[in-house]
Amino acid sequence: MRVFSTLILSIAITGASVAFAAAPPPVRPFAEAQIAGKWFEIARTPTSMNKGCQGSTATWTPTGRTHKYKVAVACYKGALDGPLKLMKGGVTVLNPPDNNRVRMELMGGLISQEYWIIDRADDYSWLILGTPGGRYVSLMSRDSQMTPVERQAALTRVSELGYDASKLTYPEQQKN
């Protein structure tokens, strides 16, 4: 029953909109020291789990164990002054030393999904995160706002990787 429940929740997380038939493999390694900290969601494929979410963030904190992090995924329902939706869990890096494939588990493992850091800025100011099946893609940034030039360059890269950028939504952003 738990396997079935996990499968249903995974489909709900990633199943609302197909962005790509198969995700491209990660382009380059990700320095593990750069994983920790707060990431702001700038653009995303809409899903049932993030419907109505504004000011979405993911905060990764090292656990002290090799290749393991705590994660807090947060958003505000409806508007930035709406109720906080918070899910906590863990992340394991799956492919050291490249560090660009991770497994995230939320709600005590009830939700479990592999994510790939498909590409990133040279200075680690943004990253493109997706699911291996290509159904979900997200543009994450270290800052809540990207400059228009930086944002357009990152979105162009999303399209170059084969994702349909016209299917992305752009949640309101909180201040850093």
For [X] and [Y], test the side chains for any donor-to-acceptor distance below 3.5 angstrom and give the result as yes or no.
X	Y	answer
Ser141	Asp143	no
Thr45	Arg135	no
Trp39	Glu41	no
Tyr69	Glu32	yes
Gln113	Thr131	no

Does the side chain of [X] reach to within under 4.5 Å of the side chain of [Y], using non-hydrogen atoms?
X	Y	value
Arg151	Tyr170	yes
Asp123	Gln34	no
Val73	Thr57	no
Glu150	Trp126	yes
Asp119	Val158	no

Mind checking the [atom1]-[atom2] spacing from [X] to [Y]? Nearest 0.5 Å is all I need.
X	Y	atom1	atom2	value
Ile117	Arg28	CD1	CZ	11.5 Å
Gln173	Phe40	CD	CZ	7.5 Å
Glu172	Gln54	CD	CD	4.5 Å
Ser138	Leu127	OG	CG	8.0 Å
Tyr115	Arg103	OH	CZ	10.0 Å
Ile42	Leu155	CD1	CG	9.5 Å

Passes side chain to side chain contact (heavy atoms under 4.5 Å, CB included), Leu129 versus Ile118? Steps please. CA-CA 6 Å; Leu129 186 71; Ile118 299 168; over 6 Å; no
Kindly give the heavy-atom pair with the smallest separation between Trp116 and Pro26, and that separation in Å. CE3-CD, 3.7 Å
Shortest non-hydrogen separation from Leu168 to Ala43 and the atoms involved: CD1-CB, 4.1 Å
For Arg120 and Phe30, run side chain to side chain contact (heavy atoms under 4.5 Å, CB included): C-alpha distance rounded to whole Å, both residues' side-chain angles, the deciding distance at 0.1 Å, then the answer. CA-CA 8 Å; Arg120 61 171 171 79; Phe30 202 91; 3.4 Å; yes
Check against side chain to side chain contact (heavy atoms under 4.5 Å, CB included), Tyr136 and Thr47: CA-CA 8 Å; Tyr136 173 84; Thr47 70; 4.0 Å; yes
Review item, side-chain donor-acceptor pairs of residues 84-97, under 3.5 Å, at least two apart:
{"from": "Lys85", "atom 1": "NZ", "to": "Met49", "atom 2": "O", "distance (Å)": "2.8"}
{"from": "Thr92", "atom 1": "OG1", "to": "Lys68", "atom 2": "NZ", "distance (Å)": "3.2"}
{"from": "Asn95", "atom 1": "OD1", "to": "Asn99", "atom 2": "N", "distance (Å)": "3.4"}
{"from": "Asn95", "atom 1": "OD1", "to": "Asn100", "atom 2": "N", "distance (Å)": "3.1"}
{"from": "Asn95", "atom 1": "OD1", "to": "Arg101", "atom 2": "N", "distance (Å)": "3.1"}
{"from": "Asn95", "atom 1": "ND2", "to": "Asn100", "atom 2": "OD1", "distance (Å)": "2.7"}

Let me see the working for Thr156 and Gln152 under side chain to side chain donor-acceptor pair (under 3.5 Å), right down to the final yes or no. CA-CA 6 Å; Thr156 297; Gln152 187 54 53; 3.2 Å; yes
Show your working on side chain to side chain donor-acceptor pair (under 3.5 Å) between Ser166 and Asp164 and close with a plain yes or no. CA-CA 5 Å; Ser166 72; Asp164 185 350; 2.5 Å; yes
Which disulfide (SG to SG under 2.5 Å) pairs, counting each pair once, include a residue from residues 48-139, with sequence neighbours left out? Cys53-Cys75
Whether Tyr124 side chain and Ala31 backbone form a donor-acceptor pair below 3.5 Å: yes
Evaluate the side chain to side chain contact (heavy atoms under 4.5 Å, CB included) criterion for residues Leu139 and Arg44: first the C-alpha distance (whole Å), next the side-chain angles of each, then the deciding distance (0.1 Å), finally the verdict. CA-CA 6 Å; Leu139 173 61; Arg44 64 174 175 238; over 6 Å; no
Does Lys70 have more than 12 heavy atoms from other residues, nucleotides or ligands lying within 6.0 Å of its NZ? no
